[in-house]
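Counting begins at 1 with the first residue of the sequence.
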Amino acid sequence: MYVEDYVSNLSRTKISMSIPMWDLHLLNIRTSKAESVGILRVHHSIGDGVSLMSLFMSCSRKVSDPDALPTLPASKKQKPCSSSGGFLQRFIRLFSVLLIYWNTFVDAVMFLITILFLDDTKTPLKGPSGVGSTPRRIVHRIVSLDDVKLVKNAMNATINDVMVGVTQAALSRYLNRKYAGKNKKGGGGAAGNSNLPKNIRLRATSFVNLRPYLGNEVISETMKSSSDVKLGNLIGYVLFPFTIALREDALDYVRSAKATGKRKKATLEAIYTYFMAKTLNKFFGAKWGSFPNQTTLLFSNVPGPQEEITCFGHQVAYVAPTCYGQSNVSIDYLMSTGINDSCCELCQ
């Protein structure tokens with residue numbers, strides 16, 4: 001509770017522009033998860049989550065090998081398409097390309113409509129205008145990565161699909177209790193006990209890393225060389241619709257998240273929003289170039305180290321990233337790591 005109060009009080013203040021835009025707070029108190037807590041606050045203009053995590057990892061070492069850098073997961077490189085093949089294969093490739101461009105067109109139009117007038121449904125999760133300057137309550141929870149992988153493998157899905165499904169289930173049950181009122185506790189998991197309004201539009205602004213890959217490179221060497229890895233902010237975002245409903249089968253939330261995720265992978269929406277935000281920020285300022293405030297929440301994830309690590313000789317128990325200052329009330333931040341075989345989820 002003390003750590004949560006301390007972080008909440010930090011969200012009331014801004015980083016001074018007259019000094020390097022980061023600060024480190026060391027709390028020498030024991031919690032249920034660690035012997036002490038370090039809070040590193042960095043201004044977002046310095047870098048996005050992937051960039052900052054890479055910088056942090058360059059200051060860390062493996063517990064098993066004190067001289068070795070931690071391992072970061074590498075992005076899967078797509079195999080180049082072969083020009084050979086029969087008529088059917090060429091037709092499928094052409095259809096896939098046309099589908100990506102069609103999805104991109106639809107998503108671009110929806111993005112413009114959202115910016116102009118399409119707000120999410122007013123729910124207890126939807127904040128009023130100006131909520132970005134209010135203090136935040138930041139809570140983190142650690143769940144077993146093995147449990148997440150068990151569902152992932154059984155559903156032939158990804159870790160993101162599982163965690164989005166878990167978030168959809170949690171938000172659905174939370175809103176159901178809210179709409180039920182103080183005199184109606186619970187709500188159960190059956191659709192017959194649903195108190196949710198029909199056709200709730202609840203979307204998340206989901207961040208997408210636009211770097212070609214994540215590397216294991218030493219960041220100091222990367223900045224000196226002509227590497228393809230770029231630091232700073234290089235992220236786009238997509239509008240990810242959440243399904244808000246009560247399901248009798250909890251795995252239906254994962255199936256829904258998997259279907260939506262598959263659809264969002266077949267689009268160039270993230271690249272489009274990146275260049276649009278960059279253009280609006282250049283000509284109209286940061287207010288127009290920031291993330292859309294018409295959505296209900298932000299959802300993001302950052303890959304963490306694949307093994308136990310130390311930072312300046314101190315063993316790291318967990319890493320819990322998040323951010324504040326955005327115009328959304330709720331921010332869900334997910335990190336999957338090999339530290340204690342855990343998956344850390346942040347929500348504000």
Backbone N/O of M155 and side chain of K258: donor-acceptor pair under 3.5 Å: yes

Verdict with supporting geometry, D252 and R255, salt bridge (Lys or Arg N to Asp or Glu O under 4.0 Å): CA-CA 5 Å; D252 285 343; R255 296 186 183 98; 2.6 Å; yes

Neighbour count above 12 (heavy atom, 6.0 Å) for K62 NZ: yes

Whether H140 and Y318 hold their rings parallel, tilted or perpendicular, with breakpoints at 30° and 60°: parallel

Y253 (side chain) donor-acceptor with V164 (main chain) under 3.5 angstrom: no

Pair T158-D161, side-chain donor/acceptor within less than 3.5 Å: yes

Steps toward side chain to side chain contact (heavy atoms under 4.5 Å, CB included) verdict (Q315, E35): CA-CA 10 Å; Q315 186 167 349; E35 294 295 321; over 6 Å; no

Any donor-acceptor pair under 3.5 Å from T260 side chain to A257 backbone: no

Test item: D120 side-chain N/O and T295 main-chain N/O as donor-acceptor pair under 3.5 Å: no

Listed partners of D107 passing salt bridge (charged side-chain N to carboxylate O under 4.0 Å, His left out), at least two apart: R263, K264

Check: L246 main-chain N/O paired with S194 side-chain donor or acceptor under 3.5 Å: no

T121 side chain to R201 backbone, donor-acceptor under 3.5 Å: yes

Side chain S8, main chain E4, donor-acceptor under 3.5 Å: no

S18-S16 side chain donor-acceptor pair, cut-off 3.5 Å: yes

Main-chain N/O of V50 paired to S54 side chain as donor or acceptor, under 3.5 Å: yes

Connected via hydrophobic side-chain network under 4.5 Å: I159 and L251: yes

Residues forming a ring pair (Phe, Tyr, Trp, His ring centres under 6.0 Å) with Y272, sequence neighbours excluded: none

Aromatic ring pairing F95/F91, orientation class (parallel under 30°, perpendicular over 60°, tilted between): parallel

R203 versus T114, side-chain donor and acceptor atoms under 3.5 Å: yes

